[in-house]
Amino acid sequence: MTNYPIYLDYNATTPCDPRVVDSMLPFFNTHFGNAASKSHAFGWYAEEAVAHAREQVAALIGADPQEIIFTSGATESVNLAIRGFAEANRTKGKHIITVATEHKAVLEVCEYLTSIGFDLTILPVDTDGMIYPQQVEAAMRSDTILLAAMYANNETGVVFPIPALGALTKERGIAFFTDATQAVGKIPVNVQADGIDLMAFSGHKLYGPKGVGCLYVRKKNPKVELSPLQYGGGHERKMRSGTLNVPGIVGLGKAVEICSHEMSVESARLALCRDQLVSALTAKSTILANTSATMLLPHVANLCFNFTGGDQLVRKLSMNLAISSGSACSSVSVAPSHVLKAMGLSDDEALSSIRFSLGRFTTAVELEQAIQHVLDVCPGSQLTQ
Ligand SMILES: *Cc1c(COP(=O)(O)O)cnc(C)c1O
C-alpha cells in the first residue's frame, strides 16, 4: 500500500533514517552530558561521542577530524565559510566570485559582503545550468580571494566540475568554498582530490536530523583562516562557540556512516528510477527536461510542463505528490526560480517547472504511481505553443 502523498522532495529534506534515530536516543537522557564538561564522566562520554562523529564525517570526505566544525546546518556553515573567510582575509583582497545558480544562503551572504566593501562577480551559467573553469579563470583578478561554487545544484541536480575548479583555485592561490549540501552522501566527495578549502553540508539532506550541519575547514596546504560569526566559550577551534548539539552530531555521524556504506548501491538504483521517471514523462511532447548536462545527481529531475496551467500543476498534484517547483525556501513565494531563470527559462517556463527528487525510501511502486498521477493531470497533446 502506498502512503499519500508520495514523497518526492528529498532535496528539500530527507526523513531521518531509523538507524540514525536509534543512535541519537541515548544522548537525550542517559548520556546527556555537555561535551565541554571536562571534569566528569558525563562530559567525557559526550565528548567521545562527538569525537567519533567527527571521525565518521572526516572519513566520508577525506578530511582530518580536526578539520570538521559542527554547526546548526548548511546555512550557518555557508555564512561562517564565506563571511568568516572574507572578514579574516580582507587585507589580501576584496574580490569574490560566485555563480548565479547558488543557493540563496550563498548569494545573500555575498550580497551582504558587497555592502561592507567587497566586490562580487556572479558568473552566469549556460542553458544546462553548467559553468566552465575557463569562465572562472577569466573572472579572476589580482585581488580575488575566494571562489564560492556549489558542488551540485539543489533544483536541477547539475554537478559542477569541482576538481577542475579546485585545481584552478590552487594554481592561482585563491580559496575555494563549495556548498556540497546536495552532494555529500549522494556522490563521492573528497576534499583532497577535489582541491576544496571550505565545504558546507547539512544533516537533514542525508537522512540525519535537522538543525545540525558541518563545515570543513582546511588545516594545511594552505591553512584557512576564518573569523567566527559568534563569540563565546571558544568551541570548535574558536570558530563556532556554543554548546554542541550532541544528539544531533551523533545522528549526523551515523547518517554519514550509513551513506558511506550504501551510497554506491543507492545512487545506482535511484539513477534508474530517475531515468524511468524522465523517459515516461518526456515521452509527452509538452514535458521537457530543463537540463541535458551529463554531470547530474542520480536522484533529481527538473522538468518543464510547457502547457497552459503548467504553473498550477504542483497545486493540482499536491494531494498525491509531495513535489516542489523550486527550492523549499522560494516555494513559499510565487517568484519563479532564480536557478531556472539563470538558465534562460522565461518566468512562465520557470513557474511551470517541477523538481522531482527521489531518495532512500522511494519504492518502485511509488514511482509508477507518481508517473501515473502526473500523466493523469497533463492535458495530453493539447499543445499550446
Ligand atoms: C538545503 C540547502 C541549504 C540549506 O541547508 P540548511 O541545513 O537547511 O540550512 C544550502 N544549500 C543547499 C544547496 C541546499 O540544498
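Just so you know, ligand 1 is whichever comes first in the structure, and atom 1 is the first atom listed for that ligand.
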Notebook entry, point to check: K210: heavy atom below 4.0 Å from ligand 1, yes or no?
Noted result: no

For [atom], what's the nearest protein heavy-atom neighbour? Residue, atom name and distance, please.
| atom | answer |
| --- | --- |
| atom 3 (C) of ligand 1 | H103 NE2, 3.5 Å |
| atom 9 (O) of ligand 1 | T75 OG1, 2.5 Å |
| atom 5 (O) of ligand 1 | A74 CB, 3.2 Å |
| atom 13 (C) of ligand 1 | D179 OD2, 3.3 Å |

Check: Which bit of K205 gets closer than 4.0 Å to ligand 1, counting heavy atoms only: side chain, backbone, both or neither?
Finding: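 Side chain only.
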
Checklist line | ligand 1 contact on A105 by region, counting heavy-atom pairs under 4.0 Å | finding: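 Answer for A105: neither.
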
Notebook entry, point to check: Polar-atom distance check: Q182 versus ligand 1, any N or O pair below 3.5 Å?
Noted result: yes

Find all atoms of ligand 1 within a distance of less than 4.0 Å from any non-hydrogen atom belonging to [X], and give their numbers and elements.
| X | value |
| --- | --- |
| S202 | 6 (P), 7 (O) |
| G73 | 7 (O) |
| H204 | 6 (P), 7 (O), 8 (O) |

Separation between [atom1] of [X] and [atom2] of [Y], rounded to the nearest 0.5 Å:
| X | Y | atom1 | atom2 | value |
| --- | --- | --- | --- | --- |
| L226 | I82 | CG | CD1 | 11.0 Å |
| L60 | I68 | CG | CD1 | 9.5 Å |
| L252 | C214 | CG | SG | 6.5 Å |

Next item on the list: Taking the side chain as every heavy atom from C-beta outward, state whether M199 and F176 have any atom pair closer than 4.5 Å.
Entry: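 No. Closest side-chain heavy atoms not under 4.5 Å.
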
Next item on the list: Following the transitive rule for hydrophobic clusters with a side-chain heavy-atom cut-off under 4.5 Å over Ile, Leu, Val, Met, Phe, Trp and Tyr, establish whether F201 and Y10 coincide in one cluster.
Entry: no

Next item on the list: Report the C-alpha separation of D17 and K254 in whole Å, then their side-chain angles, then the decisive distance to 0.1 Å, and conclude whether the salt bridge (Lys or Arg N to Asp or Glu O under 4.0 Å) test is met.
Entry: CA-CA 9 Å; D17 190 296; K254 184 68 186 175; over 6 Å; no

Next item on the list: Compute the ring centroids of F160 and Y151, then answer whether they are less than 6.0 Å apart.
Entry: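 That pair fails the under 6.0 Å test.
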
Item checked: F356 six-ring centre to R274 NZ/CZ under 6.0 Å and within 45° of normal ->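 Not flagged: R274 not positioned over aromatic ring of F356.
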
